[in-house]
Amino acid sequence: MKRFLAAALGALLILSACSAPPPPEPEPEPQGTGHTLDDALTVNLHLGGEPSTLDPALVTAGDGGSYVLHLFDGLTALGWDGKAAPAMAESWETEEDDNGLPVYTFTLRERSWSDGTPVTAEDFVYAWLRVLDPEHPTPNAYQLYPVHNAQRYHEGVLTPGAEGEEDKLEFPVKAEEVGVEAVDEKTLKVTLEGPCPDFIELLALPAWCPVQKAAVEQNPDTWSQSPATCVSNGAFFLREWNHDQNLVLLRNDQHPDGGLEPAFLNFVLSEDPEAVWNDFTAGRLQYASFLPTLDRPQAEEDGRLALQPRAGVYSYLFNTRKAPFDDARVRRAVSLAIDREALAQAAGVDLVPAYGLVPHGIADTRERKDFCQVDSPLQARPSNLEEAQRLLKEAGYPGGEGFPQIRFITNDSPAHLAAAEVIRQQLAEKLGIDMAISALSTRDFQTARAGEDWDLARSGSVGSRLDPAPYLLGWTAVSAANYGGFQSEDYDKLLAASYDAPEVPPEKEEGEEDSLAGSESQTGTVQEEGAEPPLVIPETRMEILHAMEKLLVAQEAAVIPLWQYQEPVLTAKGFSGAGMSPLGYRVFTWAEWTPPAPEADDAAPEGSSQEGPGGMAR
């Protein structure tokens, strides 16, 4: 009987097995970017989408600047700690000329371009004058203004016209009068406009890198776009640029760091955070610069997420050439109506609201604390909305009645679009005005913003120095970075005064202040009713910079600061050595990648091997 039961049970089990449903199909692997490389000599990195250029004269920290710092070496270069270290400059000496201006004399190292020709002092002269060329404006020209005569050469000088005639813009400064000179092939002499304590740090940034004249002039518009024409002198050469896919750099074995590994850096070009996250979690990316908000808790729990501060502010800017945004009241109304606290909560967990253009971490040298904490041009006040509605009514649009639809342009990153949607809703609810969002590719956005067919545009500033001044430059009428066409005589006067102003007030003789006050009271000047008060130039550089920020953000509202940058960074276990600057640049010259050992459950069976393409162990 027992044998019979056992046989029956066995038959039943066989029948059950035969009639069991098929196993479920495995879930498809989450889709990545498709542009990582599986190669033991390569690290895969992500910094953002397609850069518009690799030309040192044109790039910014957020648009190609980090790639350029791998391809080109300036007199100094960013080190692994994010600070400047000697690069093309072997040494330098400082002195003052007969006019008391600072003079730096640099001795260059023996180094070659990627085509084998030597790098000379004349290459620096050519590159710097090219950045400053008034005939071909570049967005980085202002970064070279510490050099003697650089600003006057680039922007020209306004000459007062005769009575009844407009002032004339003239260009009296010639290229040879700018304070940069090739003394001989290996000696570069630089004369500054005045004291510049962080000059050596500035020299490490892209705008100061040399370029080869022959390479540039043979293909003026496209020389940096192809490995065949991109002649460089940095730690890496351009190996491939597959547009909107990836950018591959090959280590320069003639460079002082040429013997390091990895041999290749593969920068994945993508603005899809889901695809980037999928590549990272699958082990195909070793470093990534953003992640989807929903996946943040997992990244934090794994210890792979860090927040890197960036010395910059995210903002929107107005096209002040077009009505109704040629009216400061309208611009102020839009700016005051935006609830930055609510925007930060809705648009991203890492956002810090900004009420000025200068971010945290930039010191006011007069007050010995953060510049933005001394005298912020805007405040989060309950009365802001009431003031915004009053200004809009005063401008002729009560409750938004008759106000034209705002055309807002941005690149099509999900983070930019999410923030724009929050602001669109706020403006509709609070002011009764409508905003249409135009999402463009990064390249198309850059082109569109340089034109005039828009009302409001995404913008942002990551300073070129850890000083307040760079965040407040670039707003003169002739500046190439002044996309909105803003003009203000008061701003121009404050800017000019800031260059020569002292850091601390000069000591006054006893009784001097009373004497000055008495003389001012006897001038007999009477201000007309309703007229703007005359501009008063503050005494110290920091006070002038505060006045410039207040004019740009509060009085004229040419720009709307929204939040301060913090960059979430994903770093794989086993990856180290990324150089990070608060200015937004990332350098991977000294990066190291040691893939972690596989988990015990994933280990290969004894006697087997795990190999990648070409038999390389992975």
Side-chain angles (χ1 to χ4, degrees), residues 48-49 51-52 58-65 137-143 271 310-322 325 331-332 334-335 338 340 343-344 347-348 351-359 377-378 406-413 415-420 422-424 427 435 437-464 470-477 479-488 491 548-549 551-554 556-565 567 583-584:
S52 58
L58 304 176
V59 296
T60 63
D63 181 29
T138 66
N140 294 325
Y142 72 93
Q143 295 184 22
E271 294 190 16
R310 287 189 65 178
V313 169
Y314 185 96
S315 59
Y316 286 178
L317 58 87
F318 290 104
N319 185 350
T320 64
R321 295 168 293 239
K322 292 178 62 179
F325 300 108
R331 301 194 298 265
R332 289 170 60 198
V334 172
S335 178
I338 295 174
R340 291 158 176 80
L343 173 65
L351 306 184
V352 179
Y355 295 93
L357 293 176
V358 181
L378 296 177
I406 300 172
R407 186 189 179 216
F408 170 73
I409 60 171
T410 179
N411 44 327
D412 54 5
S413 162
H416 297 317
L417 297 176
V422 173
I423 290 175
R424 187 194 68 77
L427 296 180
M435 183 174 88
I437 301 170
S438 295
L440 308 171
S441 69
T442 299
R443 181 175 292 179
D444 288 345
F445 167 69
Q446 299 282 356
T447 301
R449 189 174 61 176
E452 297 185 17
D453 188 21
W454 55 274
D455 301 308
L456 195 63
R458 182 196 70 75
S459 188
S461 59
V462 176
S464 56
Y471 300 90
L472 305 171
L473 302 179
W475 294 92
T476 60
S479 171
N482 184 7
Y483 299 109
F486 174 72
Q487 297 186 46
S488 166
Y491 170 83
M548 290 167 61
E549 184 181 41
L551 184 149
L552 288 169
V553 174
E556 293 289 341
V559 58
I560 307 174
L562 294 172
W563 66 71
Q564 300 188 35
Y565 287 124
E567 184 175 339
L583 301 177

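Contact of the W475 side chain with the L552 side chain is registered, since non-hydrogen atoms from C-beta on lie closer than 4.5 Å. Counting heavy atoms from C-beta outward, S459 and V559 have side chains that stay 4.5 Å or more apart.
Closest heavy-atom contact between G312 and P359: N-CG, 3.6 Å. Of all heavy-atom pairs between A481 and P139, the closest is CB-O, 4.1 Å. For R458 against T410, the heavy-atom pair with the smallest separation is CD-OG1, 3.5 Å. The two atoms that bring I406 and L427 nearest to each other are CD1-CD1, 4.3 Å, heavy atoms only. Closest approach of F325 to D455, counting heavy atoms only: CE1-CB, 3.6 Å. The two residues S315 and P561 come nearest to each other via the heavy atoms CB-CA, 4.0 Å.
A distance-only check finds no donor-acceptor pair linking the side chain of E567 to the backbone of R310 [under 3.5 Å]. Within the 3.5 Å criterion, the main-chain N or O of V358 finds a donor-acceptor partner in the side chain of E549. A donor-acceptor pair is defined here as one N or O able to donate and one able to accept, closer than 3.5 Å; no such pair exists between the side chain of T138 and the backbone of L58. Judged purely by atom type and a 3.5 angstrom limit, R340 uses its side chain to pair as donor or acceptor with the backbone of A354. Looking at Y471, its side chain does come within 3.5 Å of a backbone N or O of A311 through a donor-acceptor pair. N140 contributes a side-chain N or O that, together with a main-chain N or O of V59, makes up a donor-acceptor pair within less than 3.5 Å.
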Are E556 and S488 close enough, and set up right, to give a side-chain hydrogen bond (donor to acceptor under 3.5 Å, both in side chains), and what steps lead you there? CA-CA 9 Å; E556 293 289 341; S488 166; 5.3 Å; no
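From S438, atom OG reaches atom CG of D412 across 11.5 Å, with rounding to the nearest 0.5 Å. Distance CZ/F318 to CH2/W454: 10.0 Å, rounded to 0.5 Å. Here the NZ atom belonging to K322 is positioned 5.5 Å from the CG atom belonging to D453, to the nearest 0.5 angstrom. Annotation: the span from T442 atom OG1 to E271 atom CD amounts to 3.5 Å, rounded to 0.5 Å. From L562, atom CG reaches atom CD1 of I423 across 4.5 Å, with rounding to the nearest 0.5 Å. Interatomic distance, CZ of F408 versus CG of N319, reported as 13.5 Å (0.5 Å rounding).
Note on ring orientation: taking the six-membered ring where Trp is involved, the planes of Y314 and H416 are parallel (angle under 30°, cut-offs 30° and 60°).
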